[in-house]
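Below is one structure, written out as structure tokens; comments come after it.
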Amino acid sequence: MRDELNAVGRKGFDYLIVGAGFAGSVLAERLAAGLGKRVLLVDRRPHIGGNAYDHYNDDGILVHRYGPHIFHTNAPRIVEYLSRFTEWRPYEHRVLAEVDGQQVPIPINLTTLNRLYGLDLDEAGAERFLASRAEPVADIRTSEDVVINQIGRELYEKFFRGYTRKQWGLDPSQLDKSVTSRVPTRTNADDRYFGDSFQMMPLHGYTRMFEKMLDHPNIKVMVNTDFKEIRDEVQYDHLVYCGPIDEYFGYCYGKLPYRSLRFQHETVDRERFQPVAVVNYPAEDVPYTRITEYKHLTGQQHHKTSLTYEYPSAEGDPYYPIPRPENAELYKRYQALADATPGVTFLGRLGTYRYYNMDQVVGQALALYKRIEEAEHPQAEVELEEPLARQAT
Ligand code: FAD
Ligand code: UDP
């Protein structure tokens with residue numbers, strides 16, 4: 001690797017980008033293809049794609065190494081952008097939750113209520129049912145408040161309390177309302193997990209899409225390469241850092257909490273394991289949160305099927321920033337330090353400590369690119385004009 005580094009180091013780069021996930025890869029592509037910049041993109045993992053990385057396992061089944069990744073967005077410009085690198089497979093995500101010995105739709109909908117309580121409600125009846133159970137909360141701040149306010153304590157305890165305690169190692173009352181607000185409640189029979197206008201999977205997988213994105217003569221990709229190993233070895237004008245911001249600054253204000261997961265991957269010798277791609281297990285005495293069966297996501301035909309169990313954990317790779325006020329405060333201190341550090345920009349879920357979905361990270365990278373482009377060509381027509389803040393998710 002030393003020789004390779006020397007070879008690239010001598011040339012020098014306009015940008016060193018750390019992290020080859022969505023944030024780093026989208027920015028690398030734009031800088032290279034849009035502005036002709038020379039980019040070195042490094043990742044300490046042995047592959048590109050970040051947490052969205054997928055691959056064919058030993059049995060030849062396409063699986064996601066870091067748990068199920070389903071693409072959904074309301075932003076046409078993000079679909080347009082990614083469509084330059086992939087075709088799509090239409091896919092609407094459906095999830096069941098195992099509650100009281102039954103597998104019922106989550107988000108809670110008309111079917112969930114009817115099955116769980118042996119009722120035959122219509123939409124208006126479901127609305128009345130939930131209204132009669134909801135316990136209005138005057139000041140909705142936490143992930144407990146938001147659910148209790150909508151559906152009441154019993155359903156909250158069945159579907160949200162245990163899952164959230166396992167997933168985050170915290171009670172919902174200790175988490176920002178934004179966390180459980182990701183899951184809506186419905187009174188119709190719509191059983192899709194997401195309500196977005198675009199829902200689909202990259203036809204040949206995420207990794208193939210990343211390969212196409214990064215296939216540019218101005219982009220040099222180095223995997224198995226930690227920023228720390230090369231920071232003094234290569235020449236570059238600007239650094240974009242998509243790893244954890246607290247790590248970059250040597251944890252000088254203390255560690256920013258991230259939640260991790262242990263993924264248990266297995267392949268079973270039967271064609272189908274479960275009726276939908278993901279089954280959630282909110283019960284606290286079940287140690288995992290959900291099981292994913294990938295063939296539902298990919299449409300792949302195979303006589304075996306591959307699964308991933310997710311076991312939440314405090315130790316391990318940082319997967320989830322933990323949204324709660326004290327963490328936001330700590331992040332703000334790092335952000336102020338970042339603002340006062342010239343030559344480096346932080347990007348992505350870990351770099352900006354935001355619980356972002358893939359499309360939001362793409363939007364964030366495109367917005368950064370737009371700022372760079374405008375700074376270089378103040379008069380240039382800008383292609384992407386929708387501010388990130390307006391991007392619905
Ligand atoms: P990452 O993908 O985390 O990439 C950061 C990269 O930086 C990593 O590869 C890391 O190895 C590298 N890195 C860090 N530090 C260094 C260093 N010092 N040197 C070199 N490299 C470094 N989003 C959706 O839209 N839909 C979903 O269904 C969905 N499901 C998810 C399921 C799980 C279990 C998880 C954890 C996330 C899910 N997401 C989903 C979110 C999605 O993974 C993220 O939005 C997206 O991958 C973030 O991209 P990123 O580039 O910011 O970060
Ligand atoms: N959640 C829950 N029960 C469920 C599904 C979700 O309590 O059956 C809560 C939980 O706190 C979870 C959050 O809602 O972390 C967001 O769920 P989502 O499926 O969006 O999580 P992700 O896919 O990001 O892990």
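Everything numeric in this text was worked out from a predicted model, so none of it was measured.
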Legend entry - R77/E80 salt bridge by N-O under 4.0 Å criterion: no

Inset, instruction - Kindly write out the residues that satisfy salt bridge (charged side-chain N to carboxylate O under 4.0 Å, His left out) with R208, not counting sequence neighbours, or none if the list is empty. - result: none

Legend entry - Salt bridge present between E293 and K295 (N-O < 4.0 angstrom): no

Inset, instruction - With R262 as the cation and Y311 as the aromatic partner, state whether NZ or CZ is under 6.0 Å from the six-membered ring centre and within 45° of the axis. - result: yes

Inset, instruction - I would like to know whether N149 and V146 meet side-chain contact (heavy atoms from CB on, under 4.5 Å); could you show each step before the answer? - result: CA-CA 5 Å; N149 181 66; V146 75; 5.9 Å; no

Legend entry - Atom pair OH (Y309) and OG1 (T292), whose distance is rounded to the nearest 0.5 Å: 10.5 Å

Inset, instruction - May I have the step-by-step check of side chain to side chain donor-acceptor pair (under 3.5 Å) for Y66 and T308, ending in yes or no? - result: CA-CA 9 Å; Y66 307 98; T308 299; over 6 Å; no

Legend entry - Residue pair S178 / Y355, side-chain heavy-atom distance below 4.5 Å: no

Legend entry - Rounded distance [0.5 Å steps], CD in Q235 versus CZ in R38: 10.0 Å

Legend entry - CG-NE2 distance between L62 and H302, expressed to the nearest 0.5 angstrom: 11.0 Å

Inset, instruction - Sort and list the pairs that fulfil salt bridge (charged side-chain N to carboxylate O under 4.0 Å, His left out) and have at least one residue in residues 100-116, not counting sequence neighbours. - result: D100-K158

Inset, instruction - Check for a donor-acceptor pair, side chain of E135 on one end and backbone N or O of R153 on the other, with a separation under 3.5 Å. - result: yes

Legend entry - Side-chain heavy-atom pair R192, H93 within 4.5 angstrom cut-off: no

Legend entry - Polar side chain donor-acceptor pair, T207 to H55, under 3.5 angstrom: no

Inset, instruction - Measure from NZ or CZ of R133 to the centre of the six-membered ring of Y117 and say whether it is under 6.0 Å with the direction within 45° of the ring axis. - result: yes

Legend entry - Donor-acceptor contact present, side-chain Q167 to main-chain R259, <3.5 Å: no

Legend entry - Main-chain N/O of R272 paired with R270 side-chain donor or acceptor, under 3.5 Å: yes

Inset, instruction - Measure the CD1-CD distance between I245 and Q335 for me, rounded to the nearest 0.5 Å. - result: 7.0 Å

Legend entry - Qualifying residues under salt bridge (charged side-chain N to carboxylate O under 4.0 Å, His left out), relative to E98, sequence neighbours excluded: none

Inset, instruction - Might you point out which heavy atoms bring V276 and R94 nearest each other, and give the distance in Å? - result: CB-O, 3.5 Å

Inset, instruction - Determine, for R165 against D171, whether the closest basic-nitrogen to carboxylate-oxygen distance falls under 4.0 angstrom. - result: yes

Inset, instruction - May I ask you to decide if A283's main-chain N or O and K166's side chain share a donor-acceptor pair within less than 3.5 Å? - result: yes

Inset, instruction - Please confirm whether the backbone N or O of E315 pairs with a side-chain atom of S313, one donor and one acceptor, at under 3.5 Å? - result: yes

Inset, instruction - Take V26 and Y369 through the side-chain contact (heavy atoms from CB on, under 4.5 Å) test and state the conclusion after the steps. - result: CA-CA 9 Å; V26 167; Y369 173 71; over 6 Å; no

Inset, instruction - Check for a donor-acceptor pair, side chain of D145 on one end and backbone N or O of T142 on the other, with a separation under 3.5 Å. - result: yes

Legend entry - F129 backbone acceptor or donor facing S132 side chain under 3.5 Å: yes

Legend entry - Pair R349-N51, side-chain donor/acceptor within less than 3.5 Å: no

Legend entry - Under 3.5 Å: donor-acceptor pair, side chain of D246, backbone of L256: yes

Legend entry - Atom CD of E284: over 12 foreign heavy atoms under 6.0 Å: yes

Inset, instruction - Count the heavy atoms of every other residue, nucleotide or ligand shown that sit under 6.0 Å from CD of E326, and state whether that count exceeds 12. - result: yes

Inset, instruction - Please report the closest heavy-atom contact between I61 and S306, naming both atoms and the distance. - result: CD1-OG, 3.4 Å

Inset, instruction - Find out whether L239 and V18 are in side-chain contact, i.e. whether some heavy atom of one side chain is under 4.5 Å from a heavy atom of the other. - result: yes

Inset, instruction - Verify, without hydrogens or angle tests, whether N57 (side chain) and D59 (backbone) share a donor-acceptor contact under 3.5 angstrom. - result: yes

Inset, instruction - Identify the two heavy atoms, one from I106 and one from Y193, that lie closest to each other, and give their separation to 0.1 Å. - result: O-CD1, 3.5 Å

Legend entry - CA sep, side-chain torsions, deciding dist, call: F71, W88, ring pair (Phe, Tyr, Trp, His ring centres under 6.0 Å): CA-CA 10 Å; F71 184 77; W88 300 96; 5.2 Å; yes

Inset, instruction - Determine whether more than 12 heavy atoms belonging to other residues, nucleotides or ligands lie under 6.0 Å from atom CG of D58. - result: no

Legend entry - Nearest heavy atoms of A32 and N218, plus distance in Å: CB-CB, 3.8 Å

Legend entry - E247/K228 salt bridge by N-O under 4.0 Å criterion: yes

Legend entry - Y156 and E144, any side-chain heavy atoms less than 4.5 Å apart: yes

Inset, instruction - Could you tell me whether the side chain of F13 reaches within less than 4.5 Å of the side chain of V39, counting heavy atoms only? - result: no

Legend entry - Any side-chain donor near an acceptor of the partner, N114 and T111, under 3.5 Å: no

Inset, instruction - Write down the atom of A365, the atom of A23, and the distance for their closest heavy-atom approach. - result: CB-O, 3.7 Å

Inset, instruction - Measure the acute angle between the ring planes of Y81 and F85, then classify it against the limits of 30° and 60° as parallel, tilted or perpendicular. - result: perpendicular

Legend entry - N-O pairing of R141 and D139 below 4.0 Å: yes

Legend entry - Exercise: do T73 and D196 side chains pair donor with acceptor under 3.5 Å: no

Legend entry - Verdict with supporting geometry, D317 and S260, side chain to side chain donor-acceptor pair (under 3.5 Å): CA-CA 6 Å; D317 279 359; S260 193; over 6 Å; no

Inset, instruction - Determine whether V63 and T267 make a side-chain contact, defined as any pair of heavy atoms from C-beta on separated by less than 4.5 Å. - result: no

Inset, instruction - Check whether any side-chain N or O of S143 sits under 3.5 Å from a backbone N or O of D176 as a donor-acceptor pair, and report yes or no. - result: yes

Inset, instruction - Hey, can you tell me if Y206 and H69 have their rings parallel, tilted or perpendicular (30° and 60° cut-offs)? - result: perpendicular

Inset, instruction - Report yes if the side chains of I70 and Q199 come closer than 4.5 Å at any heavy-atom pair, otherwise no. - result: no

Legend entry - Derivation and outcome, salt bridge (Lys or Arg N to Asp or Glu O under 4.0 Å), residues D43 and R45: CA-CA 5 Å; D43 203 298; R45 288 172 167 164; 5.2 Å; no

Legend entry - Student check: side-chain heavy atoms of C242 and L27 closer than 4.5 Å: no

Inset, instruction - Please work out which of the three classes, parallel, tilted or perpendicular, describes the rings of F249 and F346, given edges at 30° and 60°. - result: tilted

Inset, instruction - Could you tell me how the ring of Y258 sits relative to the ring of Y353: parallel (under 30°), tilted (30 to 60°) or perpendicular (over 60°)? - result: perpendicular

